[in-house]
*Asks:* 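First, the structure itself, so that you have it in front of you.
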Amino acid sequence: MSERIESVLQEKRSFSSPEAFKAKARLNDKMAYNRLYRQSLDEPDTFWGNVANELHWFEPWDKVREWHEPFVKWFIGGKTNLAYNCLDRHLNSWRRNKAAIIWEGEPGDQRVLTYQDLHREVSKFANVLKGKDIGQGDRVAIYMPMIPEAAIAMLACARIGATHSVVFGGFSAAALADRINDATAKAVITADGGFRRGSVFPLKPAVDEALEQCETVESVFVVKRGNNDVAMQAGRDHWYHELMDEVPTDCPAEPLDAEHPLFILYTSGSTGKPKGVLHSTGGYQTYTYLTSKYIFDMRDEDVFWCTADVGWITGHSYIVYGPLLNGATQVMYEGVPNYPEPDRFWQLVEKYRVSTFYTAPTAIRAFIKWGDAWPKCCDLSSLRLLGTVGEPINPEAWIWYQQVIGNGNCPIVDTWWQTETGGIMITTLPGVHEAKPGSAGLPFFGVEPAIVDVDGNEQAANDGGYLVIKRPWPSMLRTVYGDDDRYRAQYWSEIPHVYFAGDGARRDEDGYFWIMGRVDDVVNVSGHRLGTMEVESALVSHEAVAEAAVVGRPDEIKGQAIVAFVTLEEGRLGNEDLRKALLQHVSKEIGAIAKPEEIRFADALPKTRSGKIMRRLLRNIAAGEEASGDISTLEDKSVIEQLMQSG
Ligand code: PRX
């Protein structure tokens, strides 16, 4: 928290929305945005009360907000149900037979679920859960491939008031076990396996391995997808399709308190194990509903496609909840973008006439590398709006996205937000604001961000500092599951009386925010957030490793790549075999996404006299730069020389 943040990006271009888009956009003038934005800050109760009233409430709230720093409540006393708002609300209208999810599996199989179909499947699965004594107050882990049943599982939990905890299917058995245990989950919903890059990746065997370390799980529900062989433990494990045959289709949505815990989603921080970010119902539904409506200008005629996985917050808010709250039609895809060929995404856009496409900068950089010929072979003329999320986008990738994918016809919304924020916080509104490549843009309604120094003093225009949010918003995380102290320490203590996002940023003279990346020990690899601490603990748990320090270095495609500096126990040799064994070990402990790009063996790590590892120096060394800044506190200067030669 003490290093000065300097911004080096100088980007002067700006792009207005194409006239054709603007003419039809839900919001298309700056005055309207300014008026609504002002109202959202000056009269938040009226503003958010009006939005929430567009959704269904079994009982009205008594009070819109209650704020006792750092704990907030929204719509106090109100009773609602998120699954009801996503599904039942549309059944009394023509949307009943509208496609909710158009799904394509990686092998090319397809399914379409209308709102009515989805309602029926969710209600049935909710009955299955109830049949196994799962209900309000229980936690359910979901470990699934990208198939409609992942969304059905989440919505079924929301329907009966069970709190879901989705664990990304790429995490290992050990990481799954940690998350199940932290949440003391009563059940796991999984599949035999899913398709990825042309073959089946098994999931159920990882669940079996995880459950050897978990005492609380009573039931496991297994969807048949990969057709791979799996073991079923009698009494505990059940085939989804068998139970679904036995239950009635009717399951009324439970009226739940607005502050009922909707889900836990684990994410990395700078210390300790991943933390369970807890979101609740009424505020989250109101915020994801409104952000989807305005930022994606979501219309009944649209075909929306967010390429994220449901294992991340983007999949929660902008695959499952936001689009369904708005009665949208969306595409859901199981596999990777380059199977069988690097044009798979563009084939899907052409086939389903996708109109809004939302993806990550890392994917865009991969598309650029694969070459323009792939998108150019497909008809992308249905696209009208493009979005990005997850990391800063470099201006050249932004321009490529606009030209090659959008053909110059689509606004781009660069959306800054986090697992903790629940929904998009900073972006341009597509029919209203000019976009500046590389800048996320302006605050969304109700969001009051600022750039401050370490003492909380606001910085002048264009001066770098810490990004903070000065007041609570409806979809703010409520706490870290089971650990209010950690919640307070992580988000509300670094800088007094504001939410500390963990990012460095600057705000330019037009009020646009430019995000510069994390200021803590979190690395963002291909849009996946990983704590360097977690990777270090995984490495150190290997018998050959004495000490490990993990840093990020810039990477052309992934944004950041992981570099690990490792010292070994006496008598161990840092050779190729050990390097492979360590990569394997990290995969087993966390998952393949956390595997270091590079492992450097060293005799010692650079430390201060008080024994603190000097990561700043390691970051320089990993990036192949001269060690910069003050090294007077370094205990043994020869260490640097040796590390530089280790690469
Ligand atoms: O550093 C910021 C970066 O991703 C972090 C949040 O990661 P996660 O909780 O995994 O959520 C990602 C999806 C919402 C942020 O602290 N980040 C996210 N969006 C952007 C971004 N950095 C720059 N520009 C963005 N649009």
Side-chain angles (χ1 to χ4, degrees), residues 5 7 9 11 166 168 170-171 263-270 274-279 287-288 291-292 295 306-319 321-322 358-365 386-395 397-398 401 412-428 435-444 447 449 466-469 475-477 480 490-491 494 499-507 512-531 534 552 558-560 593-594:
I5 298 171
S7 171
L9 183 65
E11 172 60 55
V166 183
F168 174 56
F171 279 122
F263 67 85
I264 302 168
L265 185 58
Y266 287 85
T267 191
S268 301
S270 37
K275 41 189 192 275
V277 166
L278 182 74
H279 282 287
Y287 197 80
T288 50
T291 47
S292 302
I295 299 165
C306 165
T307 68
D309 189 286
V310 288
W312 310 112
I313 190 68
T314 309
H316 284 59
S317 300
Y318 300 110
I319 294 180
Y321 294 120
Y358 189 37
T359 197
T362 184
I364 297 170
R365 291 191 298 265
L386 302 172
T388 73
V389 57
E391 52 179 313
I393 182 165
N394 43 314
W398 194 101
Y401 195 32
I412 296 180
V413 289
D414 175 348
T415 60
W416 177 86
W417 57 296
Q418 309 178 294
T419 305
E420 294 87 341
T421 69
I424 297 166
M425 303 289 279
I426 297 178
T427 184
T428 46
K436 304 187 187 191
S439 164
L442 297 156
F444 189 71
V447 176
Y466 302 106
L467 176 61
V468 298
I469 314 289
S475 63
M476 185 174 94
L477 79 160
V480 170
Q490 182 92 30
Y491 302 106
E494 299 263 12
Y499 169 84
F500 175 66
D503 280 347
R506 72 181 162 97
R507 182 189 229 166
Y512 279 55
F513 286 84
W514 299 75
I515 312 296
M516 280 133 54
R518 302 288 306 192
V519 293
D520 51 12
D521 292 326
V522 169
V523 280
N524 197 329
V525 182
S526 301
H528 299 317
R529 186 169 149 182
L530 293 162
E534 287 165 66
K558 297 178 174 175
Q560 281 185 296
I593 49 170

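Treat the numbers as computed from the prediction; the structure is a model and nothing was measured. Both ligands and their constituent atoms are indexed starting at 1 by order of listing. For reference, positions follow the sequence shown, starting with 1. Computation of the quantities below employed the complete heavy-atom set of this structure, encompassing side-chain atoms and omitting hydrogens, waters and symmetry-equivalent molecules.
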*Asks:* Report the part of E391 in contact with ligand 1, treating N, CA, C, O as backbone and CB onward as side chain, heavy atoms under 4.0 Å; options are side chain, backbone, both, neither.
*Replies:*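 Just the backbone.
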
*Asks:* Among side-chain atoms of Y358 and T314, is any donor-acceptor pair under 3.5 angstrom?
*Replies:*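 No, because no side-chain N or O of Y358 sits under 3.5 Å from a partner of the opposite role on T314.
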
*Asks:* Does W417 have its ring centroid less than 6.0 Å away from the ring centroid of Y318?
*Replies:*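 Distance test on ring centres: under 6.0 Å, yes.
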
*Asks:* Which atoms of ligand 1 have any heavy atom of R529 under 4.0 Å away?
*Replies:*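 Answer, ordered by atom number: 6 (C), 7 (O), 8 (P), 9 (O), 10 (O).
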
*Asks:* Under 4.0 Å, heavy-atom basis, I'd like to know which part of T415 is in contact with ligand 1: side chain, backbone, both or neither.
*Replies:*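 The answer is the backbone.
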
*Asks:* Quick one: does G527 get an N or O within less than 3.5 Å of an N or O on ligand 1?
*Replies:*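 Such a contact does not occur with ligand 1.
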
*Asks:* Atoms of ligand 1 less than 4.0 Å from I515 heavy atoms?
*Replies:*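 Answer for ligand 1: 22 (N), 23 (C).
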
*Asks:* Should you measure from each heavy atom of T314, which atoms of ligand 1 turn up under 4.0 Å away?
*Replies:*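 Here the atoms of ligand 1 in question are 13 (C), 14 (C).
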
*Asks:* Just heavy atoms, cut-off under 4.0 Å: does T419 contact ligand 1 by side chain, backbone, both, or neither?
*Replies:*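 The answer is both, backbone and side chain.
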
*Asks:* Does the side chain of T359 pick up a donor-acceptor pair with the side chain of T307 at under 3.5 Å?
*Replies:*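 Short answer, yes.
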
*Asks:* Within ligand 1, which atoms have a heavy atom of V389 less than 4.0 Å away?
*Replies:*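 The list of qualifying atoms is 13 (C), 14 (C).
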
*Asks:* Going by the atom numbers of ligand 1, which of them fall below 4.0 Å from some non-hydrogen atom of N524?
*Replies:*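 It comes down to these atoms of ligand 1: 3 (C), 4 (O).
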
*Asks:* Taking N or O atoms only and a 3.5 Å limit, does T267 qualify as a polar contact for ligand 1?
*Replies:*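 N/O-N/O distance below 3.5 Å does not exist for this pair.
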
*Asks:* Would you kindly specify which portion of P392 sits under 4.0 Å from ligand 1, judged on non-hydrogen atoms: side chain, backbone, both or neither?
*Replies:*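 Near ligand 1, P392 shows its backbone as well as its side chain.
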
